[in-house]
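Accompanying notes for the structure given below.
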Amino acid sequence: MSTDHASTHVVTPWTALTPPPRVDPYVDLSEFEADGDLMVLNLGPQHPSTHGVFRIKLVLDGEVIVKAVGYPGYLHRGVEKLCEKLTFANITPILDKNDYLAPMTSEQCFNMALEKIAGVEVPRRGRWIRTLLAELQRIASHLIAIGTFAMDIGGAIGGGTNLFMWTFRERELILNAFEELTGSRFHYNTSCFGGQRHDLPAGWDLGVIKALDQIERRMVEYADFGTANPIFVNRCRGIGVLGRDLALELGLSGPLGRASGIDHDLRRDAPYHCYDELQINVPVLTAGDCEARYDIRVQEVRESIRLSRQLLAGVPEGPICSEKPNIGPTSVRVKGAPAYVAIEGPRGELGTFLIPTDKGTQPYRMKIRPPSLHAVAVVEHLLPGNNLSDAVAILGSLDPIMGEVDR
Amino acid sequence: MSPELEAEIAALLADPPADPPADPPADPLQVIAEGMIVPAAHHHALATLLKAHGYGLYVTVAASHWPQEKASRKEPNPPPERFEVATVLRNPTAPGAPAFWWSVHLAPAEAIDSIVDLFAGADWQEREQWDLVGVVFANHPNLKRLMLPEDWQGHPLRKDYAIDTPHAPWR
Amino acid sequence: MAVTQDDPQTDAVTPDAAPTDAAPTDAEAASFAEAQALASAVLGGVAAPTALDRDSRSYSNPLLDKVISVPGLDVAVATVERLLDWASSNSFFIFPMATSCCGIEFMAAAASRVDLDRMGAIIRPTPRQCDVMVVAGTITVKMAPRVRKLWDQMPEPKWCVAMGSCAISGDFYRDIYSVVPGVDTFIPVDVYVPGCPPNPEELMKGLKRLQVKIGMQRDGTWQRSGMPAEARPETKSLKLGGLLRIGDPDRAAGLSDAQRDASRSLGFDGAEHRGADEDHGNLFDPPESPPASQAAAAELEATHES
Ligand code: SF4
C-alpha cells in the first residue's frame with residue numbers, strides 16, 4: 001500500500017500524428033446526391049459493427065466518405081422520464097440498465113449525487129468497496145471493448161475472433177466475482193444511498209486475486225495483438241486521427257480523450273471515493289488514432305489490475321453504509337439545491353445533474369451526462385475523408401454503449 | 001475558480017444586456033457560484049469567457065420544465081411557466097479540474113443562444129434538449145429531433161406530457 | 001400439414017375458414033376445434049392455434065398444396081419434411097436482434113464459456129440467411145418497424161425467440177411513451193426466455209425448447225397437443241398499452257396491416273413510423289362485434305349440440 005498521495009502521470013513517447021483539417025458536418029450535399037455524383041449508404045441501425053442500434057448515413061464519393069450523419073435514438077427508453085416517476089430508492093436498478101457494460105459506475109454516480117445534495121458521508125469501508133468494484137468494472141468493460149474492436153478489425157482471418165473469445169473468457173472471471181457478491185451477473189443494484197448494500201463475503205478476495213493474476217498474464221497477448229499483428233496494425237495505425245483541440249471541444253474525456261493527448265482523469269484530478277489515498281498512473285497517448293485508442297485501453301486495464309491489488313490488500317474495517325435516520329430501503333429523503341456530480345466511468349466522464357423535488361423523495365429532473373453520446377457524436381467529424389472500410393475500424397475504436405447514448 | 005476570472009464574470013454580468021428580458025431574474029449579480037442564474041442575453045458571452053479561461057471541456061446541458069403551479073396560501077402569486085437551462089463546463093488542466101455550471105431561465109417562447117460555435121460537442125446535447133424538453137436553441141445549425149422519430153408530436157420531458165402516451169401502431 | 005394454414009382474409013380465423021385446397025375433414029375440424037377450445041381454456045383465451053397474423057407466418061404455398069394433393073405423395077413429402085425439421089432444429093442460423101443489455105448476454109452465450117456452436121447454432125448478421133430471430137433487448141417505436149422489416153426479410157420457415165423481459169413485455173419500461181410493450185405485438189413469438197437478463201444457460205434452454213417445438217410443429221402434433229403457443233410469462237396485472245399480442249382474437253383488425261405498411265415505408269428521413277398514407281381505422285379499441293373468441297365458443301357449443 002503506497003503512502004505517497006501525490007499522483008503522477010506517464011506520458012508515453014509516441015509519434016504525434018497531424019490531425020486532418022476540421023470538416024464541416026453540416027455541409028449541404030443534397031444537390032450532388034440528386035445528380036447521382038455521390039452515393040448515399042445507410043449503415044445501421046442493425047449492423048454488427050455499430051455495437052448496438054446506431055445508424056449512420058454516409059455520403060460517398062467513390063470509396064471516400066464525404067459526409068456522415070449520425071442518427072441515435074433507436075434505444076430511447078425514456079429513462080429520465082421514468083426516474084421522475086420513481087422514488088430515489090427505486091432508481092438505482094434502472095440506472096444499471098443504462099450503461100450495461102459498466103453498471104457499477106452508473107449506479108455509483110447517481111448515489112453520489114444524492115449523497116452530495118444531502119451532505120451524507122459514506123463510511124471509509126463503503127467508499128473503499130466502491131473504489132474496488134469500480135476498478136474491477138473498468139477491467140470488465142475494457143475487456144469487451146478490446147474484444148469487440150478486435151473482432152471488427154480482424155474478423156476470423158485476422159485473428160480478431162480469437163481475441164473476442166479470449167476477452168469474454170476473462171470477463172467471466174470478473175462477473176463470477178460480482179455474482180458471488182451481489183447475486184447477479186450484471187445489473188447489480190449494490191450501491192445505495194449512503195454506502196453499499198452487500199459486504200464482501202469471506203474469502204472473496206482470494207478468488208479475485210486469482211482472477212486478476214490470470215487476466216494480467218493474458219493481457220500480454222492482447223498487448224501483442226495491438227503491436228505485432230500486421231493486419232491489425234495496418235488497419236489501425238494512422239486511421240481516424242482525432243486532434244486534442246477537437247476532442248476537447250467535443251467533450252471527449254476518458255480513454256478517447258487520453259488517446260488524443262488530453263491529460264485528464266477525474267480519479268486523479270478531482271478524487272472521489274478513496275482515490276485520494278491511491279497513487280494513480282494515468283496513461284496518456286498523443287497519436288489520437290485507432291491504435292492509440294486500443295493501446296490506451298490495454299494500459300488502463302493493467303493500471304486497474306494494479307490498483308485492484310492494492311485495494312484488495314488494504315480493505316479497512318467498519319460499516320459499509322452510513323447510518324442516518326433518513327436512510328431506509330424505501331424512505332430516502334434528499335432535499336437541497338441541484339447538484340452536478342461526475343465520476344470517471346470506463347468511457348469517460350459520467351455525470352448526474354439532479355434537481356430533487358420539494359418533498360425530497362423523487363427527482364424533479366435528472367439528466368445523465370453520457371460519455372458515449374459524445375463518443376458517437378464524433379463520427380460526424382471523424383469519418384469524412386476516410387475510406388468506407390475504415391468507418392468500421394473507427395466506430396469500433398470508439399466503444400459506445402447505445403443504452404447510455406439514448407437512455 | 002481564480003479571483004481574476006470571477007472579477008471578469010462579475011464585470012460581464014454587470015453590463016446591461018442589449019435587450020433586457022421581460023422578466024429579469026431577481027438578482028443577477030449574486031455571488032459568482034455554481035448554479036448562479038444568468039440572463040439569457042449573457043449566456044453566450046459567459047461561455048466564451050469561460051472557454052478563454054481554460055474551461056474548454058464541454059460537459060453537458062440540462063433543460064427542465066417548470067409549469068405554473070396553482071396559487072396556494074403559501075404562495076398566492078406562483079411564478080409563471082418557465083424553462084431552466086443548466087450548462088456545465090469543465091477546466092481539465094487546472095488543479096482539481098473544476099466544473100462550473102450556471103442556469104438560464106426562459107419564458108415559454110423564449111430562445112437561448114446555442115454554443116455550438118464554441119463547443120462542437122454541444123450539437124447533439126442541445127438537439128436532445130430540444131427534442132425532449134422543447135427548448136429552442138437559437139443559431140443552432142441543425143436543430144432537429146435526435147432521440148425520437150422526426151414525426152413525433154410533443155416533448156416528452158415536459159411535465160404535462162403523459163408518460164404512457166400511445167403511438168400507433170406500435171404501442 | 002393442413003391445419004397450420006392461416007386465412008389470408010382475417011387475422012383470427014375459425015377452423016371452418018381454412019383454405020379450401022387443403023380443407024380438413026369435418027372430423028378433423030371438430031377435433032381441432034376441441035383442441036383450440038382446450039388451448040384457450042388452458043391459456044386463458046389468449047392463444048388460438050390458427051389465429052396467426054397475416055403476412056407474419058404462412059406456410060401456405062398453392063403449388064405445394066396442389067402437389068401434395070396427389071394421392072400417396074403426401075407420405076413422401078411428410079418424410080422429407082421430417083428430415084428438414086430434424087436438420088433445421090439442429091442447425092439454427094440465428095439472426096441476433098440484439099439491441100441492449102440482453103444483447104450482451106446473448107454475446108456471452110455465443111462466446112467462449114457457453115458457446116452456442118455446440119448445438120449447431122451459427123450467428124449470421126443478415127436476415128436472409130437465418131431462420132431463427134433472437135430478439136434480445138428493448139424494442140422502441142423507432143426500432144420496431146426495422147425489426148418487423150428484418151423479420152419479413154427472413155425466409156420461411158422461421159421462428160422467433162423473445163429473450164428477456166423487455167422483449168417479452170417491455171419490462172419496467174412498458175409504460176413509457178417510446179417503448180413497445182413486447183415484440184409479440186408485431187411478431188409471432190415461439191419461445192419466451194424470461195429474465196433480466198436471462199443467463200446464457202437460460203437462453204440455451206430456450207433454444208432447446210424451440211428444437212422440440214420445431215419437431216412437433218410441422219406434422220401438427222404441436223397444435224393438437226393443446227399447447228399451440230408458448231404461454232407468455234406474465235401476470236394478469238400488467239397493463240399493456242392497449243396493444244394485444246399477435247394471435248389474440250380480440251386484436252384490432254387493421255393493426256397488423258398498419259404495422260406492415262409502416263415497416264415497408266422506411267426511408268432515410270421523414271414520417272416513417274405510422275403507416276402514414278393509409279387509414280387503418282381504430283387500432284386500439286376492440287371491435288364492436290363480439291370478439292372472435294366468443295364467436296368461436298358459441299360455434300363450438302353449436303357443434304356439440306348437433
Ligand atoms: S430485460 Fe433487462 S437486461 Fe434485458 S434488455 Fe431489458 S432491461 Fe436489459
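- Pairing each heavy atom of B/Leu148 with each of A/His76, the nearest pair is CD2-CD2, 3.7 Å.
- Across B/Trp101 and A/Pro338, no two heavy atoms sit closer than the pair CZ2-O, 3.6 Å.
- Atoms CD and NZ, on A/Glu249 and B/Lys51 in that order, are 4.0 Å from each other to the nearest 0.5 Å.
- Looking at every heavy atom in both residues, A/Asp269 comes nearest to B/Pro92 through OD2-O, 4.0 Å.
- When side chains are defined from C-beta on, B/Leu157 counts as touching A/Glu84, because their heavy atoms get closer than 4.5 Å.
- Note: A/Glu380 leads A/Glu380, A/His381, A/Met366 in heavy-atom pairs under 4.5 Å with chain B.
- Ranked by heavy-atom pairs under 4.5 Å with chain B, the list A/Leu246, A/Asp265, A/Ile368, A/Val376 is led by A/Val376.
- In terms of modelled atom types and a separation under 3.5 Å, the side chain of A/Tyr340 and the main chain of B/Phe100 share no donor-acceptor contact.
- In this structure the side chain of B/Lys159 reaches within 4.5 angstrom of the side chain of A/Tyr364, judged on heavy atoms.
- Under a 3.5 Å cut-off, the side chain of A/Lys367 and the backbone N or O of B/Ala63 do not form any donor-acceptor pair.
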Start with the C-alpha distance between A/His264 and B/Arg90, add both sets of side-chain angles, then the distance that settles side-chain contact (heavy atoms from CB on, under 4.5 Å), and finish with yes or no. CA-CA 11 Å; A/His264 167 56; B/Arg90 186 181 287 282; 3.7 Å; yes
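- A/Ala270 and B/Gly96 get closest at one heavy-atom pair: CB-O, 3.6 Å.
- Only the side chain of B/Thr93 comes within contact range of chain A, judged by heavy atoms closer than 4.5 Å.
- Counting heavy-atom pairs closer than 4.5 Å to chain A, the top residue among B/Pro156, B/Ala97, B/Ala120 is B/Ala120.
- Closest non-hydrogen pair, B/Ser64 versus A/Ile355, comes out as OG-CD1, 3.9 Å.
- A heavy-atom distance below 4.5 Å is not found between the side chains of B/Leu132 and A/Lys81.
- In this structure the side chain of B/Val88 never reaches within 4.5 angstrom of the side chain of A/Arg369, judged on heavy atoms.
- Interface remark: A/Leu252 contributes backbone atoms only to the contact with chain B (heavy atom separation under 4.5 Å).
- A/Phe353 and B/Ala62 get closest at one heavy-atom pair: CD2-CB, 3.7 Å.
- Applying the 6.0 Å contact sphere to CG of B/Asp160 captures more than 12 heavy atoms from other residues, nucleotides or ligands.
- Contact of A/Glu349 with chain B is made through the side chain alone, with heavy-atom distances under 4.5 Å.
- By the 4.5 Å heavy-atom criterion applied to side chains, A/Arg365 and B/His65 are not counted as neighbours.
- Residue A/Leu373 holds its CG atom at 10.0 Å from CZ of B/Arg127, rounded to the nearest 0.5 Å.
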